[in-house]
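A short write-up of the structure that comes next.
Throughout, protein chains are lettered first and strands after them, A, B, ... in sequence-line order, and every chain is numbered starting at 1. The shown structure was predicted, so the numbers you read here are calculated from the model rather than taken from an experiment.
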Amino acid sequence: MSEQHKVYKPKAISGFPEWLPEYRAVELAWLDKIRAVFESYGFCNIETPSVEEIDALSAKAGETEKEIYTLTRLQADDGESKEARLALHFDLTVPMARYVAQHFGQLVFPFKRYQMQKSWRGERPQKGRYREFYQCDIDVVNIDELPIHFDAELPAVLFEAYQALGIPPVEIHISNRKILIGYLQGLGVADTAPLTRALDKLDKIGADGVLKVLADEGVSADVAQKALAFVQIKTPDSSFADKVRALGVQNELMEQGITELQFVTDNLKHLHGDKNAGGGMVANLGIIRGLDYYTGTVLEARFKENATHWPKGAPSLSIGGGGRYDDLAGSFINQKLPGVGLSIGLTRLFGLLMDQGKIAAGSKSPADVLVVLPDEARRAEASDTARTLRSRGFKVEMYHRDAKIKNQMAYAEKKGIAHVWFPPFKDGQPHEVKNMTTGEQKPADAAVWTP
RNA sequence: GCGGUCGUAGCUCAGCGGUAGAGCGCUUGGUUGUGGUCCAAGAUGUCGCGGGUUCAAACCCCGUCGAUCGCCCCA
């Protein structure tokens with residue numbers, strides 16, 4: 001090796017987070033907890049490839065299209081097109097739609113699946129926004145018609161998942177697109193898109209900001225005021241309906257949406273139980289969501305703003321969301337497949353809490369026990385001891401070389417391994433185990449020992 | 001894609017014109033089989049990269065790359 005070899009200075013790649021072992025351990029535990037909640041409702045798991053054909057992704061991409069990472073080989077084979085055919089998926093909904101269409105004949109409907117994988121988007125990274133991130137999705141897809149039952153079940157699953165993580169209180173904000181669209185139609189608005197885009201920013205730019213944007217868009221002051229009054233409606237129960245009707249607009253689609261949202265809120269009353277104080281569900285007509293394939297229920301999860309749990313001024317970013325779509329797989333198969341689904345932005349959630357210092361580091365090692373190597377001649381005995389403990393379900397690391405005992409102990413200490421096992425140093429001596437927390441050390445038998 | 005800020009030891013940063021420092025971390029030692037504390041010694045940097053100004057640049061100027069915060073948009 002040359003003394004002056006050139007080193008490639010390691011650096012973080014923006015938007016592609018990675019954690020130290022003690023934090024990755026927490027992230028892994030989260031994935032397990034979320035998975036357990038999903039499965040407790042009978043959702044099955046699938047995993048789809050990281051890549052899809054660009055044509056498949058583009059079918060529903062819309063604005064997202066420019067953020068797609070395409071995949072090409074550095075060295076294309078002769079005759080192989082230089083044009084990319086494959087791309088990394090930017091969410092899990094499109095792959096799921098393709099999957100359902102492709103395996104249509106072999107799936108049982110309503111198809112309830114969960115999927116926890118990374119997705120990629122080539123956006124400018126910033127707080128709470130990454131280019132590579134985990135999403136934990138659940139969706140229910142059915143043929144022709146999907147019962148409203150699921151619109152209420154999914155938010156409940158979502159809420160339970162957040163609870164399982166032991167994070168600050170989360171609120172699930174729910175609305176229904178039909179109410180807003182019907183309301184705007186009732187106001188005589190023909191093209192609703194520009195309005196919804198502006199109204200969606202209420203939380204970010206405030207009421208005055210929204211009015212200003214609407215004025216710039218050429219919306220009349222009367223319509224703007226009425227639209228604003230609508231998106232400011234927020235109730236912890238189904239009483240939102242009276243408030244909507246009090247605004248004086250009559251519309252059939254709107255009434256249909258109200259009925260649906262009432263069903264959902266009525267069936268989520270249990271989220272307000274005492275043990276959930278501080279979090280829960282709220283009917284929030286300001287929830288709109290940008291994706292245009294949502295047609296009914298839309299929902300978003302956010303941390304509840306609360307001085308004791310969440311510092312003032314912290315971002316009230318969405319940490320999960322979803323909704324109902326009439327037909328997502330329509331571009332893949334000649335079947336009507338309505339669905340309702342939602343996604344937990346795990347990396348965003350985890351990253352935000354990391355920034356706030358609210359993730360308590362886990363252990364640097366999963367090991368329960370470090371078996372000391374007294375000296376080279378006793379390696380076999382140490383090895384047998386480790387094996388015995390493992391066979392009993394303990395996670396056991398054996399020290400890797402004949403080093404001073406203080407070094408072996410310091411190693412256990414640094415890795416946070418709770419017990420150090422001492423095989424005999426001389427024939428006839430008993431095994432001993434030391435509890436690194438209490439400092440207590442006593443004779444033990446690997447075949448029967450318990451911490 | 002567009003704007004603001006910032007790039008000095010593994011990490012957090014000080015130094016702001018005379019050729020590099022602290023704290024933490026790391027390595028070794030404080031004797032015979034035992035960690036966390038303490039003490040002692042030690043290793044570590046083309047001061048992001050390229051050019052310019054100057055007798056002299058980590059420091060001033062220009063460019064570039066990277067990071068970061070915000071806009072658009074979204075989990």
With sugar-phosphate taken as primed atoms, P, OP1 and OP2 and all else as base, the protein-contact string of nucleotides 1-13 of chain B at under 4.0 Å (heavy atoms; B, S, -) is BB-----------
Can you tell me whether the side chain of A:E413 and the base of B:G36 have a donor-acceptor pair closer than 3.5 Å? no
Qualifying ring pair (Phe, Tyr, Trp, His ring centres under 6.0 Å) pairs, either residue in residues 361-388 of chain A, two or more places apart: none
Any chance the rings of A:F425 and A:H431 have centres within less than 6.0 Å? no
Which value, in whole Å, describes the distance between the C1' atoms of nucleotides B:G17 and B:U53? 12 Å
Run the ring-centre check on A:F90 versus A:W120 and record whether the distance is less than 6.0 Å. no
Can you find a donor-acceptor pair, distance only, under 3.5 Å between A:R197 side chain and B:C73 base? no
Under 5.5 Å centre to centre and under 30° between planes: does that hold for A:F422 and the six-membered base ring of B:G33? no
Expressed in whole Å, how much space separates the P atoms belonging to B:U54 and B:C11? 36 Å
Contacting residues from residues 396-412 of chain A, given that a heavy atom lies under 4.0 angstrom of RNA chain B: A:K404, A:I405, A:K406, A:M409, A:A410
Of A:V282, A:T265, A:I174, which is the lone residue that meets side-chain contact (heavy atoms from CB on, under 4.5 Å) with A:F240? A:T265
With a cut-off of less than 4.0 Å, is there a side-chain N or O of A:S14 near OP1 or OP2 of B:G66? no
Any donor-acceptor pair under 3.5 Å between the side chain of A:Q126 and the base of B:U68? no
Check whether any side-chain heavy atom of A:L146 lies under 4.5 Å from a side-chain heavy atom of A:R324, and answer yes or no. yes
